[in-house]
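Everything below concerns the one structure shown next.
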Amino acid sequence: QAPLGLHLRAVALNSTHVAVEAADVTESHRLARVRRDFVANVSHELKTPIGALQLLAEALLDATQLPDSAPEAQSEDLIAARRFAERIHHESARMGRLVSELLELSRLQGAEPLPDPEPVPLDWVIAEVVDRTRTTSSAKNIEVVYDGPKGAMAYGNDSQIATAVTNLVENAIAYSGEDTKVSLTMRQSDDWIEIDVADQGIGIAPQDVDRIFERFYRADQARSRSTGGTGLGLAIVKHIATNHGGRVDVTSALGDGSTFTLRLPARPPEAPSPSPTAIEI
Ligand code: ADP
């Protein structure tokens with residue numbers, strides 16, 4: 001009789017011998033869930049006060065409008081007040097992004113594997129992402145181009161796939177200079193669809209490449225902070241990819257740009273076969 005919480009798994013060694021692996025999964029699953037719920041609750045509770053801060057900062061910005069007509073008549077106090085209001089607005093917007101990304105990450109961690117994958121038309125998703133990021137790309141005169149087969153379908157969740165591609169395109173724009181190009185390319189094989197997001201930006205040093213998918217890891221703190229990033233975007237992409245049974249990879253050279261590849265299943269997942277060898281007690 002195994003004690004409560006032991007996960008027993010029989011592994012066939014050869015035709016006559018079987019090894020039994022045992023792991024205490026219940027306690028570690030419970031702790032992981034408690035941690036996830038805590039992060040989700042805290043993030044949720046922070047949303048309201050951060051939203052209020054943003055509204056108040058907007059009201060302050062309106063109230064400290066500088067008259068363009070007579071710059072010499074602008075009081076130093078008013079100029080300082082406006083500068084502070086701009087800072088509060090900027091920082092509260094960043095906190096708002098951090099909290100919604102933390103919430104998103106804890107939701108993704110609680111939904112493995114993906115429930116009910118559905119066919120997702122990728123042309124539509126990509127067109128929407130290009131549209132969604134147009135304000136930031138055109139502010140830097142970055143051209144976002146797409147090339148891929150028409151009508152390709154991935155299997156999964158459309159809004160998660162849109163979030164993953166958006167995060168990659170937003171990064172490509174954020175870490176590129178003006179007047180460059182971001183190219184999205186899609187390839188399809190029988191089992192997989194791969195979407196490349198390639199930029200001509202700053203690139204990633206070899207010692208950082210393996211770590212950028214970790215939560216809060218940034219290749220260069222100062223450089224990243226000026227983009228207003230949270231350090232969670234790629235962790236979210238990685239979770240979405242793995243929840244779909246796919247993966248995300250990067251190839252990059254410092255100063256020469258980066259290519260991120262998101263790989264998603266092109267077929268519906270096979271129904272999980274009942275495993276006679278795994279018993280959870
Ligand atoms: P952030 O909010 O800082 O962009 P991410 O998780 O999206 O967080 O990315 C983690 C780090 O990976 C970034 O801080 C940056 O250093 C690096 N990075 C991500 N995408 C790119 C890219 N396209 N080009 C260069 N560096 C990148």
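Every number for a ligand or one of its atoms is a count from 1 in the order of the listing.
No more than 12 heavy atoms of other residues, nucleotides or ligands sit less than 6.0 Å from atom CD of E76. More than 12 heavy atoms of other residues, nucleotides or ligands lie within 6.0 Å of CZ in R132, so this atom counts as buried by the packing criterion. Within 6.0 Å of NZ on K140 lie more than 12 heavy atoms contributed by other residues, nucleotides or ligands.
By the 4.0 Å heavy-atom criterion, F213 is excluded from the residues contacting ligand 1. Under a 4.0 Å heavy-atom criterion, F260 is in contact with ligand 1. Within the 4.0 Å heavy-atom shell around ligand 1 one finds S258.
Residue contact check: G231 has heavy atoms under 4.0 Å from atoms 1 (P), 2 (O), 3 (O), 6 (O), 8 (O) of ligand 1. The contact set between ligand 1 and L234, taken as ligand atoms under 4.0 Å from a residue heavy atom, comprises 5 (P), 6 (O), 7 (O), 9 (O), 10 (C), 12 (O), 19 (C). Close contacts between ligand 1 and G203 involve ligand atoms 25 (C) [criterion: under 4.0 Å to a heavy atom]. Per-residue contacts place Y217 under 4.0 angstrom from the following atoms of ligand 1 (heavy atoms of the residue considered): 10 (C), 11 (C). Within ligand 1, the atoms closer than 4.0 Å to a non-hydrogen atom of G233 are 5 (P), 6 (O), 7 (O), numbered from 1 in the order shown.
Distance alone, capped at 3.5 Å, is enough to place a donor-acceptor pair between the S252 side chain and the G257 backbone. H244 contributes a side-chain N or O that, together with a main-chain N or O of N157, makes up a donor-acceptor pair within less than 3.5 Å. In this structure a side-chain-to-backbone donor-acceptor pair under 3.5 Å is missing from H44 to A40.
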Dump the intermediate steps for salt bridge (charged side-chain N to carboxylate O under 4.0 Å, His left out) on R211 and D208, then the final yes or no. CA-CA 5 Å; R211 300 203 56 197; D208 293 318; over 6 Å; no
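Proximity of L168 to ligand 1, defined as any heavy-atom pair under 4.0 Å, is not found for any part of the residue. Contacts with ligand 1 closer than 4.0 Å are made by side-chain heavy atoms of I204 only, the backbone lying farther away.
With R187 as reference, D196 is the one residue of D196, T261, D147 to meet the side chain to side chain donor-acceptor pair (under 3.5 Å) rule.
The N/O atoms of A219, backbone and side chain alike, include one that comes under 3.5 Å of an N/O atom in ligand 1.
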